[in-house]
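The figures that follow rest on heavy atoms only: side chains count, while hydrogens, waters and symmetry mates do not. Labels below follow one simple rule: chain letters A, B, ... track the order of the sequence lines, proteins then strands, and each chain is numbered from 1.
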Number of protein chains: 2
Amino acid sequence: MADHSSIDDAVMAGRAASSAAYSPLYQQIKALLLQSLDQGEWKPGEAIPSEFELAARFNVSQGTVRKAIDELAADHLLIRRQGKGTFVATHNEAKVRFRFLRLTPDDGKVKPSSSRIIDCRRIKAPVDIARLLDLRPSDTVVNVRRVLSFEQTPTILDDIWLPAVVFKGLTAESLTRYRGPLYALFESEYGVSMVRAEEKIKAVAASDDQAGLLNIVSGSPVLQVERVSFTYGDRPMELRRGLYLTDRFHYRNTLS
Amino acid sequence: MADHSSIDDAVMAGRAASSAAYSPLYQQIKALLLQSLDQGEWKPGEAIPSEFELAARFNVSQGTVRKAIDELAADHLLIRRQGKGTFVATHNEAKVRFRFLRLTPDDGKVKPSSSRIIDCRRIKAPVDIARLLDLRPSDTVVNVRRVLSFEQTPTILDDIWLPAVVFKGLTAESLTRYRGPLYALFESEYGVSMVRAEEKIKAVAASDDQAGLLNIVSGSPVLQVERVSFTYGDRPMELRRGLYLTDRFHYRNTLS
DNA sequence: GAGTGGTCTAGACCACACG
DNA sequence: GTGTGGTCTAGACCACTCC
């Protein structure tokens with residue numbers, strides 16, 4: 001065997017009598033791949049080894065590796081490209097930028113966007129934030145406040161909380177200098193890949209200060225979006241409370 | 001061959017020189033299964049033939065049928081149950097009722113719901129409705145208006161449009177008599193299976209009459225949800241404009 | 001025990017990208 | 001041409017359900 005983990009033991013376990021908790025081989029392979037992704041063995045945008053190489057490494061057939069990769073691709077952690085290879089998903093790509101932003105112009109036309117950082121400070125985590133981010137209340141969080149505009153029209157007011165331990169060098173200055181989706185920045189600068197997110201949406205009336213920042217009249221109905229984003233292994237890494245202006249935009253969703 | 005369609009020609013086409021539009025065998029099988037579903041060969045809740053039977057019918061290997069079924073199961077058109085068979089998805093089942101309703105109580109507790117039909121009438125399709133339902137403006141639509149309450153609290157005001165040709169016997173009386181999700185009724189009474197839906201969401205201020213029906217003060221911020229539901233073959237079959245009260249509920253969504 | 005879906009394998013061949 | 005993912009097959013065996 002080479003220097004990477006063998007799954008022989010796991011195979012035995014999986015194939016042992018039906019008494020033990022049964023887990024199919026390809027699920028075990030999937031877990032190993034996930035682990036390699038989490039540990040950064042392959043970086044976002046890079047290609048992972050070919051199916052045959054992985055099959056050899058794990059001592060399973062190519063079809064079994066294939067099925068593991070299939071699931072990771074279905075979850076958008078990996079991207080398959082016929083003839084080229086299988087790549088680690090990234091937010092640093094024109095095609096999938098703003099992958100998590102569901103706000104769409106009513107007329108469908110793509111609009112140029114710009115971000116204005118209002119604030120970036122470190123604070124002790126408020127209890128509700130700490131709970132959602134799986135932190136202790138004594139932990140420090142980075143709190144970023146910003147306004148996103150489309151065609152010079154303020155449209156989104158975001159309040160963002162991040163574990164300070166992970167996002168060490170993050171400052172208002174570095175944020176202001178950066179152009180592009182935050183998740184792309186998190187990926188390349190802090191090694192944090194956001195993989196999944198959950199949102200809770202309400203309609204609320206804008207408060208005075210919120211209305212001021214969005215340049216609307218106080219009390220206007222706005223969309224309130226609370227998002228928790230997760231990295232590999234379903235670890236929460238960002239809490240975002242956004243206010244969306246929906247007079248010329250809408251939040252789109254597909255049910256199935 | 002039996003009396004059902006053979007795919008031999010399709011196979012030849014698919015396997016012919018790379019000049020023609022190439023379509024994998026399992027995709028062709030998928031299309032055939034979809035057709036059978038659409039034509040009602042197997043009804044919602046029923047089991048479809050086993051993988052081996054289907055493989056024999058279509059003259060392909062079991063693995064190829066399997067892959068076709070896999071995709072239909074991933075789209076929630078079919079449901080696999082190990083040891084029992086593969087079943088046509090249905091809204092008539094405790095487990096998946098309100099499958100398309102994303103509104104959730106903030107406290108997570110399930111609440112008893114009741115529906116009050118306000119109105120059910122047939123009208124000439126307004127142009128915007130006709131366009132979304134892929135109808136001609138001269139076509140007739142059924143317009144249903146109802147209020148959904150949770151624990152006696154009015155929470156959702158729905159305005160629903162349906163092609164009148166399809167929903168022939170639908171009246172306020174039959175709707176009032178019925179308990180349960182509308183999609184379950186559509187399925188069992190009108191043979192219409194809703195398979196997918198697209199929603200556009202905005203935050204708006206409730207108008208006077210809307211506020212009256214929801215028992216809130218006029219101008220309150222509410223969630224406006226426009227939903228187009230599709231049946232097999234991506235044919236639009238319902239337009240629904242809903243107003244959701246989100247003071248004690250929220251719209252939940254998962255991004256990935 | 002019989003039938004169904006689920007896993008795993010091994011091998012052949014096809015479509016696609018790149019040099 | 002070579003290497004990658006994608007398809008298709010055939011067969012063995014496993015897990016689950018029901019009788």
If I take atom [atom1] in residue [X] and atom [atom2] in nucleotide [N], what distance separates them, rounded to the nearest angstrom?
| X | N | atom1 | atom2 | answer |
| --- | --- | --- | --- | --- |
| B:Phe87 | D:dT17 | CZ | C1' | 10 Å |
| B:Phe52 | D:dT9 | CZ | C1' | 12 Å |
| A:Tyr22 | D:dC13 | OH | P | 15 Å |
| A:Gln27 | D:dA15 | CD | P | 15 Å |
| A:Ile79 | D:dG6 | CD1 | C1' | 17 Å |
| A:Asp70 | C:dG6 | CG | P | 15 Å |
| B:Gln62 | C:dG5 | CD | P | 8 Å |
| B:Arg81 | D:dT17 | CZ | C1' | 12 Å |

Original post:
Looking across every strand, which nucleic acid part, if any, lies under 4.0 Å from A:Arg66 by heavy atom: base, sugar-phosphate, or nothing?
Top reply: base

Original post:
Just checking B:Tyr26: base, sugar-phosphate only, or nothing, at a heavy-atom cut-off of under 4.0 Å?
Top reply: sugar-phosphate

From the set [options], return the single nucleotide nearest to any side-chain atom of [X].
| X | options | result |
| --- | --- | --- |
| A:Glu53 | D:dT7, C:dG6, D:dT4 | D:dT4 |
| A:Ser50 | D:dA10, D:dT4, C:dT4 | D:dT4 |
| B:Arg80 | D:dT4, C:dG6, D:dA15 | C:dG6 |
| B:Thr86 | C:dG5, D:dT7, D:dG5 | C:dG5 |
| A:Ser61 | C:dA10, D:dA15, D:dG5 | C:dA10 |

Original post:
Does D:dC18 have OP1 or OP2 sitting under 4.0 Å from an N or O in the side chain of B:Lys84?
Top reply: yes

Subject >> Short side-chain N/O contact from B:Lys67 to OP1 or OP2 of D:dC8, under 4.0 Å >> reply: no

Subject >> Position toward the 5' end of DNA chain C (nearest nucleotide), A:Thr64 or B:Glu51 >> reply: B:Glu51

Original post:
Considering heavy-atom distances to DNA chain C, does A:Val65 or A:Gly83 have its closest nucleotide positioned more toward the 5' end?
Top reply: A:Val65

Subject >> Pair B:Asn253, A:Tyr251: side-chain N/O donor-acceptor within cut-off below 3.5 Å >> reply: yes

Original post:
Within 45° of the axis and under 6.0 Å from the centre of the six-membered ring of B:Tyr26, does NZ or CZ of B:Lys67 qualify?
Top reply: yes

**OP:** Count the heavy atoms of every other residue, nucleotide or ligand shown that sit under 6.0 Å from CZ of A:Arg248, and state whether that count exceeds 12.
**Re:** no

Subject >> Flag if over 12 foreign heavy atoms under 6.0 Å of CZ, A:Phe52 >> reply: no

Original post:
Mind checking what makes ring-ring contact (aromatic ring centres under 6.0 Å, His included) contact with B:Phe87, not counting sequence neighbours?
Top reply: none

